[in-house]
Amino acid sequence: LEAWTKRSKSLIDEIRLKCKDMAGINQRAEELKQVVPGAVRNRLPEFTSTSSPSISELRFVTIVLARVVGLDFEQGGTAELTKTQSIVKLIQETIYVHDGNFMRFSVDKLGAVVMGIFGLPPSHENDPERGVTCGIDICQQMQSHRAEYGKVKTSVGIASGYCWLGLVGGVSRSEYTVQGPTNDIA
């Protein structure tokens, strides 16, 4: 995650330096594709430096939340961060295997949470089933790596329903996010 954050900040800084006009921005757009989720990238209209695209919608989705507990961020040091990166990567790859979208990773006082979402483009008729299968696979993957991850435990919550999806923020920085009760239920 740290490497991804540094790379995305580096790309943005580089683009700001090199792109004084819209022609320069369009040249660098390809470089940004690697830091924009595919579900957003494929639907973004052209936009100018003074306007932000609107891709908000109400959509039926299945949300998979994987909570990882037993990580010791205060005492664990670099080894714990490396373990966390490995766990997040494993969960992210499992979400992608089922054609879902990795939405976010966060840490709170209860542990780490990884969110996957099914029902974004490309959506499938069986997205709820894909979400459940993904949740089961996440648990199985974590179980198969228990010797490597030690005391770490994972629980998965899954819910389907209508959520608002769209960009929040301003022209200089925005985030594609999901909001609604389905998120809270998962």
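Just the heavy atoms: all of them, side chains too, but no hydrogens, waters or symmetry mates, feed the values below.
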Could you tell me whether the side chain of I138 reaches within less than 4.5 Å of the side chain of T154, counting heavy atoms only? yes
Answer yes or no: is there a side-chain heavy-atom contact under 4.5 Å between C163 and I63? yes
Nearest non-hydrogen partners of G70 and E80, listed with the distance: O-OE2, 4.0 Å
Nearest 0.5 Å, what's the OG1-CG distance between T177 and L165? 8.0 Å
Considering all heavy atoms of both residues, which atom of V61 and which atom of T182 are nearest to each other, and what is their separation? O-CG2, 4.4 Å
Without swapping roles, check the side chain of R104 against the backbone of V114 for a donor-acceptor pair under 3.5 Å. no
Do Y176 and L120 come close enough that some side-chain heavy atom pair is under 4.5 Å? yes
Let me check something: do Y149 and V107 share a hydrophobic cluster, defined by ILVMFWY side-chain heavy atoms less than 4.5 Å apart, either directly or through other members? yes
Within one Ile-Leu-Val-Met-Phe-Trp-Tyr cluster: Y162 and I117, side-chain cutoff 4.5 Å: no
Assess whether salt bridge (Lys or Arg N to Asp or Glu O under 4.0 Å) is satisfied between D137 and R130, documenting all intermediate values. CA-CA 10 Å; D137 284 354; R130 287 172 183 265; over 6 Å; no
Heavy atoms only: give me the nearest M142-L90 pair and the separation to one decimal. SD-CD2, 3.8 Å
Would a hydrophobic clustering, with Ile, Leu, Val, Met, Phe, Trp and Tyr connected at side-chain separations under 4.5 Å, put V97 with I136? no
Approximate separation, where rounding is to 0.5 Å, of M103 CE and Q92 CD: 13.0 Å
How close do S160 and P128 get, heavy atom to heavy atom, and via which atoms? OG-CB, 3.8 Å
Quick one, T62 and I158 - any side-chain contact, counting heavy atoms below 4.5 Å? yes
Roughly how far, to the nearest 0.5 Å, is CH2 of W164 from CD of E57? 10.0 Å
One should read off an interatomic distance between E148 CD and S86 OG, to the nearest 0.5 angstrom, of 4.5 Å
Would you say M115 and I185 are hydrophobically clustered, going by side-chain heavy atoms of ILVMFWY under 4.5 Å? no
